[in-house]
Amino acid sequence: MSERPELAAAFSPAELEAPLYQKWLAAGYFTANPHSAKPPFTIVIPPPNVTGLLHIGHALDHTLQDILIRMKRMKGFEVLWLPGMDHAGIATQNVVEKQLAIQGLSRHDLGREAFVEKVWEWKHESGGAILAQMKRLGDSVDWSRERFTMDEGLSESVLTIFKRLYDAGLIYRAERIINWCTRCLTALSDIEVEHQDDAGEFVQVTYGKGDMQITVATTRPETMLGDGAVAVHPDDPRYAHMIGKEVLLPLVNRMIPIIADELVDPEFGTGAVKVTAAHDPNDFEMGMRHNIPFIIIMDEHGVMRGTGTEFDGMDRFDARVAVVAKLKEMGRVPSEKRPYIHSVGHCSRCDTTLEPRLSKQWFVKVGPLAKAAGDAVRDGRVKIEPAELEPRYFEWVDNMHDWCISRQLWWGHRIPVYYGADGDIVVCGPGEEPPAGYVQDPDVLDTWFSSALWPFSTLGWPAETDELKKFYPTSVLVTGYDILFFWVARMMLFGLFAMDGVQPFQTIALHGLVRDRFGKKMSKSRGNTVDPIEFMDKYGSDALRFTLARGANPGSDQALAEEWIAGARNFATKLWNASRFALMNGATIDGPLPAMDSLDDVNKWILTRFNETLVEADQLLEKYEFSKAMELIYHFAWDDLCDWYLELSKAAFAAGGEPAARSARVLGYILDNLLRLMHPVMPFITEALWCNLTGQETLVTAQWPTPILSHNDDGSKINIAKIQEIITEIRRFRSDQGVKGSAKILARFSNLGALSEYEAAIRHIVRCDSDVTETGNFASKIDVGSVVIEFDLSGAIDVKAERDRLKKDIVQAEKDRATAKVKLENEGFMAKAPLDVVTEIRERLAQTTSSIERLRAALEQLPVE
RNA sequence: GGGUGGUUAGCUCAGUGGUAGAGCGCCUCGUUUACACCGAGGAUGUCGGGGGUUCGAAACCCUCACCGCCCACCA
């Protein structure tokens, strides 16, 4: 065995992490197992949002993914990850828009080409920054594979799928209402709209004359000039007789029909709604349903045009005032409410109130695609973990509206549609050129359109590459449930379509969001956001990773507080110190593990417990139950290993000789394998400790531990449990009696039976000497099961404390006995409860009864106060 | 309005039919040769309310209340 460098006395993550990461990168460990015989493990890695900063949500995402990747690599799988940067994310261009806004500019001042250039610059800058931050986290994704950018390869797949969908009749063009900024003179995507509660007005206006009169309510009276109808609910008795007839539209003096539509809420306003099909999204839908004319009454600046009234040429807000004034004059305003607070869309850049505007957009017809996406989950080809989130998926996928894919933005995949002078339309696939003179659609595709291609585009599709054959469908997608609808469902739609019905992934593992310590959503305005980098600086990446993994219950959110991370750091320190202790005492992996029958119960027990922990934690990790797996590992390492095994072994180590050597070998085995088990979660500290213990180069490429069945020994578990009980009771006695921790007291053990060989170890832990001269005054005693322990406190017994302790125990035992007795006296219980439960309760009754007897006897023996 | 998750210790959360748990926090004691980022001991809950099923309910059913999220809507 080679000389090992001594572990530093203090654990310092800051000194550890960066050099280790450099070591891994330089040695190329992250690309292990390229020719594994096992089926490949392919994981889809969602992009970190390119805003230049690692968000705590991404830290969670990447921690969980990295745990799986590292574990699978150790298990010998060929691991392929499909990473990508935020290629066309709106966030990226929003950052640039905001940078421009600070200078008082908009993208229109730059022009399309210069703007796109600027976004690219930012993408590379921020992308580099965020990758560096993910390395800090220990992220073992090989980002050099990243090729999911707007390069040739992806463009080709976007063009291919667009054309295929178009040819299949699944992409169409239709008119729709979009948000229009009258100042920027541009359409805005939904994400560029900021909703604010504005103080508007709610005005009732009476239409019609004579006995055909109907009163509508509106927040936008000026649009009445473009009304095409009045709508009421079909079942509204107040208006039933008017449906199908016509009323006079005031000011413009046009007759408009009264229609019936389910969309109208009879409870709201007057129960009658004016329908301005060209200037309101809902009215537009009703207009489509009832064939109402789309009358445009405003130009792109928001100025009234073409109404043929005196209001033409007025700004929309001036017109609102004027129209109401005029209607009032005519006695047509029975009621008005002002201010009326309601939500109104504003331009995110210039704050101008947005105007709904009719325009032509491109859509994906989702019906057949969504049906397939739902069925893939329904028939079990795709598993959603946890299954509780399936209803949410179905709810969405089964009721999906057609998907508007055109965006009035400049950075993204431009829609491959070309228009001829005569209105002719040509869709160009890869390598195809439009006829001369044709002009390309100015809009770009929704970011999710290209993101949906991820699982196969990254494998070379549309080319039939070897990688595509080997790695599609992918094994798992790990992501937050918040993008189940946006991204996951869309990958399902396109994956199934493009890959002839083969699903994009076998499992969708969903985690929740990171929230603040009180479970509140993190937001900048609330000021409760946290910076993962800051926590890594302070407590180490391992601590952050462990905390995030420990909080990750499938599908549910997790609260995060600095103290939780400090706790994880404490755990890391504990491991460090335990390893130091182990190494000081000669823990080793050299030589064969001693045969089970040569080991004492302490060693058998820790081997058994490790087996149990390993088997369970492994199963949990395979089920994406990170939190439960962490809990198991944590308690094994801290409670079983540090608090009990190491303490119980100290006597043996101190004694030296063969028993010490056997324990040192067992301890070496446990540490070796525990560190392997923990590597995926805490890669840095485990690497440092494991390399020191084993003298090997790296833990990254080491094998995942396997349970050794012959190590299981139930008898040792029973005996150690008894020893733990004895020790706990003695400690409690000492504590109640106020005996100093360092003070040694005299004690006599009787009836230890099979446990007598552990008497020395027990005495060592609880600092009890035996009375070699047999002259002690063993005045107080405690019983633990059949074992009796008598103490000589030299008469200085705290009788009151002793009394209190016994009384408390009696109360508890009596309570337990009473519950057991009630059950056993219950005929129904005896008749119907399963036998093992009845037996258990019987044992409890016997046990509590005898403890009560012993406790009472002990109480009586105490001197009276 | 539709869908969906939740309500368990001071806080954050596990716990799907058989004596209520963890982490952090709290109280007491203690530097005994791995560790004070520690050790030992301790306290703390009519498991949201009400009904029901069951021998037995934190868990299953019904109902009410409150909190959250997604979607739609707000004329």
Side-chain angles (χ1 to χ4, degrees), chain A residues 7 9-11 202 216-220 223 231 263-265 268-270 272-276 280-283 286 342-343 388-389 391-392 394-396 399 401 481-482 484-485 512-513 515-521 539 543 547 550-551 553 555-561 563-564 566-585 627-628 631 634-635 642-643 646-647 650 654 727-728 731-736 738-744 764-767 812 815-816 819-820 822-823 826-834 836-838 840-841 844 848:
Chain A
L7 284 176
F11 165 55
F202 194 48
V216 299
T218 179
T219 55
R220 301 205 53 196
T223 63
L263 199 68
V264 180
D265 176 5
F268 192 86
T270 61
V273 188
K274 59 193 276 310
V275 181
T276 320
D280 181 279
N282 291 316
D283 293 5
M286 283 198 276
H342 63 138
S343 176
E388 288 85 61
L389 287 173
R392 282 170 91 135
F394 291 134
E395 161 68 15
W396 192 76
N399 303 306
H401 299 303
Y481 65 76
D482 53 328
L484 181 62
F485 307 136
L513 312 175
R515 318 187 76 112
D516 76 3
R517 70 174 62 201
F518 301 114
K520 291 273 173 278
K521 197 171 178 171
Y539 302 106
T547 309
R550 191 181 194 175
N553 279 303
S556 48
D557 294 348
Q558 63 168 296
L560 185 75
E563 292 92 312
W564 295 200
R569 187 270 323 262
N570 295 353
F571 179 48
T573 308
K574 188 75 180 173
L575 266 184
W576 184 270
N577 287 317
S579 299
R580 271 180 64 226
F581 174 78
L583 292 166
M584 280 178 196
N585 285 284
S627 177
K628 292 187 178 70
E631 202 68 18
Y634 180 91
H635 286 291
C642 294
D643 286 349
L646 292 184
E647 293 302 328
K650 276 179 180 173
I727 290 170
T728 305
R731 281 170 171 168
R732 202 174 139 223
F733 174 82
R734 289 180 59 123
S735 176
D736 289 346
V739 178
K740 279 184 80 176
S742 52
K744 290 203 168 186
H764 190 266
I765 288 182
V766 295
R767 306 186 74 73
Q812 186 57 50
K815 219 169 110 188
D816 290 349
T819 16
V822 166
K823 284 203 173 193
N826 182 334
E827 282 176 32
F829 175 78
M830 295 305 285
K832 295 189 179 176
D836 56 330
V837 175
V838 175
E840 196 190 314
I841 305 284
R844 199 184 301 155
T848 49

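Since we're looking at a predicted model, the values are computed, not measured.
The gap from the P atom of U33(B) to that of A40(B) amounts to 15 Å, rounded to the nearest Å. Atom C1' of A14(B) sits at a distance of 12 Å from the matching atom of A20(B), rounded to the whole Å. Rounded to a whole angstrom, the distance from the P atom of C61(B) to that of U16(B) is 14 Å. Taking atom C1' on both U12(B) and G51(B), the two are 32 Å apart, rounded to the nearest angstrom. Taking the C1' atom of each, C64(B) and G23(B) are spaced 34 Å apart, rounded to whole Å. If you take atom C1' in A9(B) and the same atom in G21(B), they sit 10 Å apart, rounded to whole Å. Rounded to the nearest Å, the gap between the P atom of U8(B) and that of A58(B) is 15 Å. C11(B) and U53(B) have their C1' atoms separated by 35 Å, with the value rounded to a whole Å.
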Distances under 3.5 Å only, N/O to N/O: pair up the protein atoms with those of nucleotides 32-38 of chain B.
residue : atom : partner   : partner atom : Å
U32(B)  : O2   : Arg767(A) : NE           : 3.4
U32(B)  : O2   : Arg767(A) : NH1          : 2.9
A34(B)  : OP1  : Lys650(A) : NZ           : 3.4
A34(B)  : O2'  : Arg580(A) : NH1          : 3.2
A34(B)  : N7   : Lys650(A) : NZ           : 3.4
A34(B)  : N6   : Cys642(A) : O            : 3.3
A34(B)  : N6   : Glu647(A) : OE2          : 3.1
A34(B)  : N3   : Asn577(A) : O            : 3.4
A34(B)  : N3   : Ala578(A) : N            : 3.3
C35(B)  : O4'  : Asn577(A) : ND2          : 3.4
C35(B)  : O2'  : Asn577(A) : ND2          : 3.1
C35(B)  : O2   : Lys574(A) : NZ           : 2.7
C35(B)  : N3   : Lys574(A) : NZ           : 2.9
C37(B)  : O4'  : Asn570(A) : OD1          : 3.1
C37(B)  : O2   : Arg569(A) : NE           : 2.6
C37(B)  : O2   : Asn570(A) : OD1          : 3.4
C37(B)  : O2   : Thr573(A) : OG1          : 2.7
C38(B)  : OP1  : Asn570(A) : ND2          : 3.1
C38(B)  : O3'  : Lys574(A) : NZ           : 3.1

Under 3.5 Å, which protein N or O atoms sit close to an N or O of nucleotides 1-3 of chain B? Give each pair with its distance.
none

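Rounding to the nearest 0.5 Å places CZ of Arg844(A) at 6.5 Å from OG1 of Thr819(A). Ile841(A) contributes atom CD1, which lies 4.5 Å from atom CZ of Phe829(A) (distance to the nearest 0.5 angstrom). Atom CG of Asp280(A) is separated from atom CZ of Arg220(A) by 8.0 Å, given to the nearest 0.5 angstrom. For the atom pair CG of Asp516(A) and NZ of Lys521(A), the computed distance is 12.5 Å after rounding to the nearest 0.5 Å. In this structure, the separation between CG on Leu7(A) and CZ on Phe581(A) is 14.0 Å, given to the nearest 0.5 Å. Going from atom OG of Ser579(A) over to atom CZ of Phe11(A) covers 10.5 Å, rounded to the nearest 0.5 Å.
Between the C1' atom of A22(B) and the OH atom of Tyr634(A) lies a distance of 9 Å, rounded to the nearest Å. Atom NZ of Lys521(A) is separated from atom P of C67(B) by 17 Å (rounded to the nearest Å). Look at CZ on Phe485(A): it is 14 Å from P on C69(B), rounded to the nearest Å. Distance Tyr481(A) OH to U4(B) C1': 11 Å, rounded to the nearest Å. Atom C1' of nucleotide C73(B) and atom CG of Asp280(A) are separated by 12 Å, given to the nearest angstrom. Rounded to whole Å, the distance from CG on Asn399(A) to P on C70(B) is 18 Å. Atom CZ of Arg734(A) and atom C1' of A40(B) are 10 Å apart (whole Å). Taking atom CD of Glu827(A) as the reference point, atom P of G56(B) lies 13 Å away to the nearest angstrom.
With sequence neighbours left out, Arg392(A) forms a side-chain hydrogen bond (donor to acceptor under 3.5 Å, both in side chains) with no residue at all. The salt bridge (charged side-chain N to carboxylate O under 4.0 Å, His left out) test applied to Lys574(A) returns no partner, not counting sequence neighbours. In this view, Trp396(A) and Phe485(A) satisfy the ring-ring contact (aromatic ring centres under 6.0 Å, His included) rule, not counting sequence neighbours.
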Please test Lys628(A) against Glu631(A) for salt bridge (charged side-chain N to carboxylate O under 4.0 Å, His left out), starting from the C-alpha separation and ending with a verdict. CA-CA 5 Å; Lys628(A) 292 187 178 70; Glu631(A) 202 68 18; over 6 Å; no
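Listed here is the closest heavy atom pair of Gly519(A) and Ala559(A): N-CB, 4.2 Å.
Remark: G39(B) base-pairs with C29(B). Criterion, Watson-Crick or G-U wobble with two distances under 3.5 Å. Under the Watson-Crick or G-U wobble criterion, with both distances below 3.5 Å, A34(B) is left unpaired in every strand shown. U4(B) is paired with G68(B) under the Watson-Crick or G-U wobble criterion, all donor-acceptor distances under 3.5 Å. Of the nucleotides present, G23(B) is the one that pairs with C11(B) by Watson-Crick or G-U wobble criteria, both distances under 3.5 Å.
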Go along nucleotides 12-20 of chain B 5' to 3' and tag each nucleotide: B for a protein heavy atom under 4.0 Å from its base, S when only backbone or sugar atoms are that close, - otherwise. S-SS--BB-
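Looking at Lys520(A) and Arg515(A), their side chains never come closer than 4.5 Å, going by heavy atoms from C-beta outward. Contact of the Thr547(A) side chain with the Gln558(A) side chain is not registered, since no non-hydrogen atoms from C-beta on lie closer than 4.5 Å.
Under 4.0 angstrom from either OP1 or OP2 of C67(B) there lies no side-chain N or O belonging to Lys520(A).
Using a 4.0 Å heavy-atom cutoff across all strands shown, Val264(A) reaches at least one base atom of the nucleic acid.
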